[in-house]
Amino acid sequence: MTWKSLTQKITKCERCPRLRQYCRAIAEKKRRQYLRESYWGRPVPGFGDPRAPIWIIGLAPGAHGANRTGRMFTGDSSGDWLYGALYQFGFASQPSSTDRNDGMKLHGVYISAAARCAPPDNKPSLLELRNCSQFLDQEFLLLDRTRIFLGLGKIGFESILHVLKRQGVAIPTPTPKFSHGATYYIGDYTLLASYHPSRQNTQTGRLTQPMWLEIFKNLKTLNEA
Ligand code: SF4
């Protein structure tokens, strides 16, 4: 498996009929402010540095974010939070991410998600997550320098534990639990957890900018250790 063949496999995937129908319908209907744009509407591959020591895993593409632009966390407010923090700590070349051809480069970071298709109400089913987990496994094998994981939200966090387990890494007992700011050391890997920077979290104050930036400060410290 190469990066190129993995990207092709992801973008052509039709394994979850409910999600594929939803993404296509969103891409056809569009949001009023994006009517002149051509939506991506396909599964979204991961993005970033193939030699990254840090791998960030979110939930799924946003219906009018990555499902529109075709790049993870690009074109919505979650992306504004993520790329803003990555830029501030030297991991991204630009503070904002609006278009997959905007020239953004990531340094030492790779970004993907537990599901590659936008789900209705941001809720993929367990079966859909299981279907999509094959792509995380393939990325794990390609990202052979990754040692630090950041799981965004409970699903992103647990998807990392599942990948490590499937790849034969011993998961400690009791099993690490999702909690904002938690850090776990699992074999050669370090796993951090953060609330997802979704509007639901950022507009309610569940996740604030200081809380969010603290996560990236820890990430940078771990990466430089
Ligand atoms: S969610 Fe993943 S497995 Fe399901 S159709 Fe999309 S890319 Fe394929």
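Atoms within a ligand are numbered from 1 in the order they appear, just like the ligands themselves.
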Quiz item: How long is the span from the NE2 atom in H107 to the NZ atom in K105, to the nearest 0.5 Å?
Solution: 9.0 Å
Distance from [atom] to nearest protein heavy atom, with residue and atom:
| atom | result |
| --- | --- |
| atom 5 (S) of ligand 1 | C16 N, 3.3 Å |
| atom 8 (Fe) of ligand 1 | C13 SG, 2.2 Å |
| atom 2 (Fe) of ligand 1 | C132 SG, 2.3 Å |

Quiz item: How close do L141 and Q167 get, heavy atom to heavy atom, and via which atoms?
Solution: CD2-OE1, 3.6 Å
Self-check item: atom 8 (Fe) of ligand 1 to nearest N/O/S of C117 below 2.8 Å
Solution: no
I need the atoms of ligand 1 closer than 4.0 Å to a non-hydrogen atom of [X], numbered in the order shown.
| X | answer |
| --- | --- |
| P43 | 7 (S) |
| F135 | 7 (S) |
| R116 | 1 (S), 7 (S) |
| L19 | 1 (S) |

Practice problem: Among K30, R68, H64, find the one that has a side chain to side chain donor-acceptor pair (under 3.5 Å) with Y39. | Solution: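 With Y39 as partner, K30, R68, H64 yield a single side chain to side chain donor-acceptor pair (under 3.5 Å), made by H64.
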Quiz prompt | Output field: ring centroids H196/F73 closer than 6.0 Å | solution =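 Yes, they do, as the ring centres are separated by less than 6.0 Å.
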Practice problem: May I ask you to check if R206 and Y195 form a cation-pi contact, with NZ or CZ under 6.0 angstrom from the six-membered ring centre and within 45° of the axis? | Solution: yes
Quiz item: Is the closest heavy atom of R20 to ligand 1 under 4.0 Å?
Solution: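 So R20 counts as touching ligand 1.
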Practice problem: For the pair F178 and F157, name the ring-plane relationship: parallel under 30°, tilted 30 to 60°, perpendicular over 60°. | Solution: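 Ring orientation, 0 to 90° scale: perpendicular.
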Quiz item: Any idea how W55 and Y110 line up, ring-wise: parallel (<30°), tilted (30 to 60°), or perpendicular (>60°)?
Solution: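 W55 and Y110: perpendicular rings.
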Exercise. Pick out which of K123, R20, R18 makes a salt bridge (charged side-chain N to carboxylate O under 4.0 Å, His left out) with E128.
Key: R18
Quiz item: So which bit of N131 gets within less than 4.0 Å of ligand 1, heavy atoms only: side chain, backbone, both or neither?
Solution: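 Both of them.
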Quiz prompt | atom 6 (Fe) of ligand 1 to nearest N/O/S of C23 below 2.8 Å | solution = no
